[in-house]
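Owing to the predicted nature of the structure, the values given are computational and were not obtained by experimental measurement. Atoms considered below: every heavy atom in the structure, side chains included; atoms not considered: hydrogens, waters and symmetry mates.
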Amino acid sequence: MICLTGLILLLFAVTVDGRVGDSTSESSYCTETKECFLFDLVCQGDGYEVRHYDAAKWVTTEAESYFMEIAISRAFRKLYKYITGENEAGEKIDMTAPVIIKVNDSMKAWQSSVYGLSFLLPSKYQANPPKPTDLSVYLTDTPDMKVYVKSYGGWMISAVAKSQAESLKTSLNNVQASYETEYRYDVGYNSPMKIMNRHNEAWFIVKGEPVCPRSE
C-alpha cells in the first residue's frame, strides 16, 4: 500500500511539473531555454489558434511609462536580479520561456500605463519558489485557462504588438468569440541576442467555450 501510494504521488508530481517542462518537446520556437510553458492545442481557426494551459506560477513586477519598451526594460532588470540570486534562498534560477507582458488593452496612446512583466518559474520551483527580497517583485499564478493566440515574428515593439493584437481581435470578432477585453498578454520567446527567426505571440483569455471551426 505504501509503495502504491508513493507511486501515485510521484505520478502526480510528474504531471504537475510536466506542464512546465522540456522545451524540445514543445515546439520549434521555444529553443533558447531548457524549459517552456507547455500547452495542448485545442483547435485552429482563421487567424488564431486556441490553446489550453494548466495553472502555473510566475514571478512578476510592474512598471509604468508612456512607452512599453521603457517600462519593460525597468521591470526586466528587477526580475533578472531575482533569478540571479536576489531572493530569500539566494538561489540562481534558470530562465524559461515565454516571458509575458500584461497590457491594459483599453489604454490610449497619450496615456501612461502600468505593464506587468512575468517570468515563468522552472518546474523545480513551481511548488515552492523562493520569496523575492525586493518588495516590488512578487509571486503570481495564472489559472488553468484557454487562450486565443496569434503568432508573429520580428521584434516585439509596442506598435507591432498592438497591431498584431488588433489583428487577433478582428479574427475573434469575426467569429463572435468571447474573450477578456480589459487586458491582453504580449508574449516573447527570445533573448535580445537572437536576431533571426524570432517568435512572439498575442494572447487573449477565452471567456466561456472557445470558438473552434467545425470539422468537415
Side-chain angles (χ1 to χ4, degrees), residues 8 11-30 35-60 62 68 96-108 113-123 126-127 139-153 156 158 160-189 199-216:
I8 291 171
L11 288 172
F12 177 74
V14 170
T15 301
V16 171
D17 288 346
R19 305 316 298 161
V20 180
D22 185 3
S23 295
T24 59
S25 68
E26 182 56 38
S27 64
S28 60
Y29 50 80
C30 195
E35 291 191 325
C36 194
F37 196 16
L38 308 182
F39 63 86
D40 298 309
L41 180 62
V42 178
C43 66
Q44 291 182 297
D46 184 10
Y48 67 91
E49 63 184 42
V50 180
R51 298 178 186 169
H52 170 255
Y53 288 96
D54 286 346
K57 192 171 289 293
W58 308 68
V59 60
T60 299
E62 296 178 341
M68 182 179 79
T96 59
V99 170
I100 62 174
I101 304 166
K102 190 174 184 178
V103 181
N104 178 355
D105 207 44
S106 61
M107 68 178 182
K108 306 300 181 184
S113 184
V114 175
Y115 297 87
L117 181 69
S118 298
F119 288 0
L120 177 69
L121 289 162
S123 56
Q126 280 290 310
L139 302 171
T140 54
D141 296 274
T142 49
D144 185 281
M145 61 184 180
K146 292 185 178 71
V147 295
Y148 291 114
V149 179
K150 178 177 174 59
S151 298
Y152 59 99
M156 192 174 61
S158 56
V160 173
K162 184 173 179 59
S163 174
Q164 295 292 336
E166 289 298 321
S167 175
L168 175 56
K169 288 171 78 171
T170 297
S171 297
L172 298 179
N173 292 339
N174 285 342
V175 294
Q176 299 181 318
S178 181
Y179 57 93
E180 176 61 60
T181 57
E182 292 298 314
Y183 64 89
R184 70 174 193 269
Y185 288 109
D186 291 335
V187 181
Y189 286 81
H199 184 88
N200 313 295
E201 294 167 353
W203 288 6
F204 285 102
I205 307 300
V206 174
K207 284 188 173 181
E209 289 300 313
V211 177
C212 288
R214 295 179 181 178
S215 57
E216 296 298 332

Considering only heavy atoms from C-beta outward, does the side chain of [X] approach that of [Y] to under 4.5 Å?
| X | Y | answer |
| --- | --- | --- |
| R184 | N104 | no |
| D186 | M68 | yes |
| Q44 | P213 | no |
| V99 | V187 | no |
| E201 | Y29 | yes |
| Y185 | I101 | no |
| S118 | V59 | no |

Going by salt bridge (charged side-chain N to carboxylate O under 4.0 Å, His left out), name the residues that satisfy it together with [X], two or more places apart in sequence or in a different chain.
| X | answer |
| --- | --- |
| D141 | K57 |
| K146 | none |
| E49 | R51 |

Listed partners of [X] passing side-chain hydrogen bond (donor to acceptor under 3.5 Å, both in side chains), at least two apart:
| X | value |
| --- | --- |
| S171 | none |
| T140 | T60 |
| Y179 | N173 |
| D46 | none |

| query | Are the side chain of E35 and the backbone N or O of S123 linked by a donor-acceptor pair below 3.5 Å? | reply |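 Confirmed, E35 side chain pairs with S123 backbone.
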At what distance, to the nearest 0.5 angstrom, does [atom1] of [X] lie from [atom2] of [Y]?
| X | Y | atom1 | atom2 | value |
| --- | --- | --- | --- | --- |
| L121 | T96 | CG | OG1 | 7.0 Å |
| L172 | K150 | CG | NZ | 10.5 Å |
| L168 | S151 | CG | OG | 10.0 Å |
| K102 | L117 | NZ | CG | 13.0 Å |

Can you name the residues that form a side chain to side chain contact (heavy atoms under 4.5 Å, CB included) with [X], not counting sequence neighbours?
| X | answer |
| --- | --- |
| A56 | F37, W58, L120, Q126, T142 |
| E180 | E182, Y183, I205, K207 |
| N174 | T170 |

| message | Please determine whether ring pair (Phe, Tyr, Trp, His ring centres under 6.0 Å) holds for the pair Y48 and W203, giving the CA-CA distance in whole Å, both sets of side-chain angles, and the decisive distance to 0.1 Å. | response | CA-CA 10 Å; Y48 67 91; W203 288 6; over 10 Å; no
| request: Please check if the distance between the ring centroids of F204 and Y148 is under 6.0 Å. | output: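 No, ring centres 6.0 Å or more apart.
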| said: Applying salt bridge (charged side-chain N to carboxylate O under 4.0 Å, His left out) to R19 and D144, what does each step give before you reach the verdict? | reply: CA-CA 11 Å; R19 305 316 298 161; D144 185 281; over 6 Å; no
| request: Determine the minimum heavy-atom distance between V50 and P210, stating which atoms define it. | output: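 Closest heavy-atom pair between V50 and P210: CG1-CB, 3.7 Å.
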| field | salt_bridge(K162, D105) N-O dist < 4.0 Å | value |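 No, K162 and D105 are not salt-bridged.
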| said: Could you go through V206 and S178, starting from their C-alpha distance and side-chain angles, then the distance that decides it, and tell me whether this counts as side chain to side chain contact (heavy atoms under 4.5 Å, CB included)? | reply: CA-CA 6 Å; V206 174; S178 181; over 6 Å; no
